[in-house]
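Working notes for the structure below.
Chain A is the first sequence line, chain B the second, and so forth, proteins listed ahead of strands; every chain is numbered from 1.
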Protein chains: 2
Amino acid sequence: MQEFVATSFKPHRNGLNQVLGELEQEIMEVLWKREDAIVRDVFIELKKKRKIAYTTVMTVMGRLANKGILQKTPKKNSYLYKPVYSKNDFEKCISREVIKGILGNYTQAAVTSFIDVLTEIDPKQIEYLSNLIEEKKKEIKKGDRR
Amino acid sequence: MQEFVATSFKPHRNGLNQVLGELEQEIMEVLWKREDAIVRDVFIELKKKRKIAYTTVMTVMGRLANKGILQKTPKKNSYLYKPVYSKNDFEKCISREVIKGILGNYTQAAVTSFIDVLTEIDPKQIEYLSNLIEEKKKEIKKGDRR
DNA sequence: TTGACATACTACATGCTGTAGTATATACTG
DNA sequence: CAGTATATACTACAGCATGTAGTATGTCAA
């Protein structure tokens, strides 16, 4: 059971492949679609797209459970696997861990890059950010008074 | 020669060890202190702290050059190594690449986390961020008019 | 010419991920 | 009850990144 979700983050990959391996990701996608599943369910799903061995799927699902990303409970003569986090929560965890990692080390530089990149990607978000900050400021002031 | 500086980012490590291996990091620190160096210079420096082979240092410096983090120029019967980026610029690159990676994939979630984490780490930075945003907004407006 | 020093090349360990075979237990089906 | 399908556990190997270092070989200077 690992402490963190984003042990290693690869910025230049896409989607959850930033923190998961290719196959790990495929498996998680299936799990998130179905809520829970046994190995065979996932195997059948992946088999539709490509050649893969049952044991391959099993091995990786076991690893995902060891990492604390899947939960593994006995069911009949096998195991039922279930995502520990919803996809949404998982993404939030990642974003939080990564941002914490970068802000904690390079606060100033990170703040600057953040604004720049956000403007490049989606200028409209600046407005949203601006509102968030105003709220945050009020909160901080409130905290000061206490 | 690689395209990116932050191929893999480990949020829960410290300093440049987030994107560099332990030894790679030690070597870069020496290089940034001295501007440039040959393998022996770095070797002598590291040797002061721990047992290490000359060729170990050489191998890793070669790898750093392949990654495009060190520049390698012939000098006499050997090579002179020099950081491609100043430490400061390197850190900026990392922060930019990582933030781009996270914002590009989870814009909304990232914006939210960002404010939260920044408040936790250093609430004073919120003020700075706020100013930056106001400036950015003006810039955007100016751009619109053109 | 010899010794110090330089590089190139090779190699192995460890950890992560993808991949899958083998052995073994179990359960359903006829 | 026997046989087949299915489940897991265990083992193993390949490829990549990183740390580590040995060996072979070239070169320069005293």
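For DNA chain C, none of the residues of residues 89-100 of chain B falls under the heavy-atom distance limit of 4.0 Å. Using a 4.0 Å cut-off on heavy atoms, none of the residues of residues 12-24 of chain A approach DNA chain D. Near DNA chain C, meaning a heavy atom under 4.0 Å from it, residues 56-63 of chain A has Thr56(A), Thr59(A), Val60(A), Arg63(A) in order of number. The stretch residues 34-53 of chain B touches DNA chain D through Arg50(B), Lys51(B), Ile52(B), Ala53(B), each having a heavy atom within less than 4.0 Å of the strand.
Tyr85(A) is linked by a ring pair (Phe, Tyr, Trp, His ring centres under 6.0 Å) to nothing, counting only residues two or more places apart in sequence or in another chain. The salt bridge (charged side-chain N to carboxylate O under 4.0 Å, His left out) test applied to Arg96(B) returns Glu120(A), not counting sequence neighbours. Considering only residues two or more places apart in sequence or on other chains, Thr112(B) meets the side chain to side chain donor-acceptor pair (under 3.5 Å) condition with none of them.
Two residues are said to be in side-chain contact when any heavy atoms from C-beta on lie closer than 4.5 Å; Val84(B) and Leu70(B) fail this criterion.
The separation between Lys67(A) atom NZ and dG18(C) atom C1' is 11 Å, rounded to whole Å. If you measure from atom CZ of Phe9(A) to atom C1' of dC16(C), you get 18 Å, rounded to the nearest angstrom.
How far CG of Asp41(A) is from CG of Asp36(A): 8.5 Å, rounded to the nearest 0.5 Å. The structure places CG of Leu132(B) at 10.0 Å from CD of Glu134(B), a figure rounded to the nearest 0.5 Å. The distance from atom CD1 of Ile27(A) to atom CG of Leu20(A), rounded to the nearest 0.5 Å, is 10.0 Å. In this structure, Phe9(B) CZ and His12(A) NE2 are separated by 11.5 Å, a value rounded to the nearest 0.5 Å. Once rounded to the nearest 0.5 Å, the distance linking NZ of Lys136(A) with CD of Glu139(A) reads 4.5 Å.
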Test salt bridge (Lys or Arg N to Asp or Glu O under 4.0 Å) on Glu24(B) and Lys67(B) and set out the steps. CA-CA 11 Å; Glu24(B) 289 178 334; Lys67(B) 289 190 190 179; 2.6 Å; yes
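Under the side chain to side chain donor-acceptor pair (under 3.5 Å) criterion, the residue pairs touching residues 100-109 of chain A are Asn105(A)-Gln18(B), Gln108(A)-Tyr128(B), with sequence neighbours excluded. Residue pairs meeting the salt bridge (charged side-chain N to carboxylate O under 4.0 Å, His left out) criterion with at least one member in residues 46-57 of chain B, sequence neighbours excluded, are Glu26(B)-Arg50(B), Glu45(B)-Lys48(B). Among residue pairs with one or both ends in residues 40-59 of chain A, those qualifying as ring-ring contact (aromatic ring centres under 6.0 Å, His included) are Phe43(A)-Tyr54(A); sequence neighbours excluded.
Using a cut-off of 4.0 Å between Lys/Arg side-chain N and Asp/Glu carboxylate O, Glu127(B) and Lys124(B) are scored as not salt-bridged.
Each of Ile38(A) and Ile69(A) belongs to its own hydrophobic cluster when Ile, Leu, Val, Met, Phe, Trp and Tyr are linked at side-chain heavy-atom distances under 4.5 angstrom.
Geometrically, Lys72(A) does not engage Tyr81(A) in a cation-pi contact, judged by NZ or CZ lying under 6.0 Å from the ring centre and within 45° of the ring axis.
In terms of position on DNA chain C, the residue among Gln25(A) and Asn77(A) whose nearest nucleotide sits closer to the 5' end is Gln25(A). In terms of position on DNA chain C, the residue among Glu26(A) and Ser78(B) whose nearest nucleotide sits closer to the 5' end is Ser78(B).
Phosphate contact (OP1/OP2 of dA6(C), side-chain N/O of Tyr81(B), threshold under 4.0 Å): absent.
In this model, no donor atom of one side chain and acceptor atom of the other lie less than 3.5 Å apart for Thr73(B) and Lys82(B). Remark: the Ser130(A) side chain and the Lys137(B) side chain contain an N/O donor-acceptor pair separated by less than 3.5 Å.
The end-to-end axis angle of the helix from dT1(C)-dA30(D) to dG30(C)-dC1(D), rounded to 10 degrees and based on five pairs per end, is 30°.
Using a 4.0 Å heavy-atom distance criterion, Tyr54(A) is classed as a base contact. At the heavy-atom level, Thr55(A) lies under 4.0 Å from base atoms of the strands shown.
Between chain B and DNA chain D, the heavy-atom contact criterion of under 4.0 Å yields a 5' to 3' nucleotide range of dT18(D) to dT23(D).
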